[in-house]
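Shown next, in C-alpha cells, is the structure this report addresses.
Values reported hereafter were calculated over all heavy atoms of this structure, with side chains retained and with hydrogens, waters and symmetry mates removed.
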Amino acid sequence: TAVVSIIVFLIVVTIAFEEGKAQLEKAASLNMRPVLAALFGELTILGFLSACTFVITQTEWPNHVSEQVFHDPHLLVELFEQLHYSVFFIMVAYMLQVLLLVHQSMKTERTWDRMEQRASTTAEDNLFSRLRKEFVLERSAEPPFEPSSSRLPDDFRFGRYLSICLGRNMAHVVDISVASWGFILL
C-alpha cells in the first residue's frame, strides 16, 4: 500500500503541475508565452539532469570509482545525491525568478497599453508620446537625422511594438544557451 500511495501522490503532483502550467499559459499575454516555453524547456533539461544523477547513483559504478579515488565506497554516491538535490533547488529558484519576471513584464505591458491609449486620446506631451512620435518619424541614422520618407502610419501601436520586443528579449534571457552551460562548467 505504501508503493500505491507514493504512485498516487506522484500522479496528483503531476496533474497539479500540468494544470498549473496550463493556467500560467492561459494567463500569460501572447508576448510572454515564448518566455514560458523557454522556461519549461529549461525545466525539462534540469529534470533530465536530475534523472541522470538518480540513475547513476542506482548503479555500482559510483561505488567502484569512489573506492578507487576516495578510498570510501559511499562518498561519490553522497556527492551525487547532493548534486541531485542542488539541481532540484536550482530548478525551483530559476522557475520562481522567471515567473516573477513574467509577472513584472506583463505589468509593464499593461502600463505601455495604458500610455498608448492615453497618447491616442489626448494631446498630452509626456515621455511616451514623445518617444512614440520619434519612433514613428523613423529618422535617418545619419546627421542631420531628418525624418525619412518611409514613415510608419500615425496610428502605429508603439506600446504593442514594445511589448513584442520585450517578449522576444525575455525569451532569450530565460533560455540558457550552450555557451552559458559551458561557462558554468568552467
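Looking at every heavy atom in both residues, E109 comes nearest to S29 through OE1-OG, 2.7 Å. Residues P73 and V77 come closest through the heavy atom pair O-CG2, 4.5 Å. Considering every non-hydrogen atom in both N63 and T59, the closest pair reads ND2-O, 4.4 Å.
A 4.5 Å side-chain heavy-atom check between L101 and V35 finds every atom pair outside the cut-off.
Taking OG1 from T57 and CZ from F80, the interatomic distance works out to 8.0 Å, rounded to the nearest 0.5 Å. Between L36 atom CG and L99 atom CG the span is 7.0 Å, to the nearest 0.5 Å.
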Side-chain donor/acceptor pairs under 3.5 Å, residues 161-174, sequence neighbours excluded:
from : atom 1 : to   : atom 2 : distance (Å)
S163 : OG     : G159 : O      : 3.1
N169 : ND2    : C165 : O      : 3.2

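Following chains of ILVMFWY side-chain contacts shorter than 4.5 Å, one cannot reach V3 starting from F9, and the two form parts of different hydrophobic clusters. Put simply, Y94 and F89 are part of the same group of oily side chains (I, L, V, M, F, W, Y) that touch within less than 4.5 Å, one to the next. Each of V13 and M91 belongs to its own hydrophobic cluster when Ile, Leu, Val, Met, Phe, Trp and Tyr are linked at side-chain heavy-atom distances under 4.5 angstrom. Cluster membership for L49 and F54, using ILVMFWY side-chain heavy atoms within less than 4.5 angstrom, is not shared. The same ILVMFWY cluster, assembled from side-chain heavy atoms under 4.5 Å apart, contains both L39 and V87.
Note: F158 and F128 have tilted aromatic rings, judged against thresholds of 30 and 60 degrees for the angle between ring planes. Using cut-offs of 30° and 60° on the angle between ring planes, the pair F17 and F40 is perpendicular.
Residue pairs meeting the side-chain hydrogen bond (donor to acceptor under 3.5 Å, both in side chains) criterion with at least one partner in residues 66-80, sequence neighbours excluded, do not occur; the list is empty. For residues 19-28, the set of pairs meeting the side-chain hydrogen bond (donor to acceptor under 3.5 Å, both in side chains) definition, not counting sequence neighbours, is empty.
No more than 12 heavy-atom neighbours from other residues, nucleotides or ligands sit within 6.0 angstrom of CZ on F48. For Q58, the CD atom is densely surrounded, since the number of other residues' heavy atoms within 6.0 Å is greater than 12.
With 3.5 Å as the limit, one finds a donor-acceptor pair spanning the side chains of S180 and S177.
With hydrogens and angles ignored, the 3.5 Å screen pairs no side-chain donor or acceptor of R157 with any backbone N or O of D113. Between the side chain of S50 and the main chain of L46, no donor-acceptor pair closer than 3.5 Å is present.
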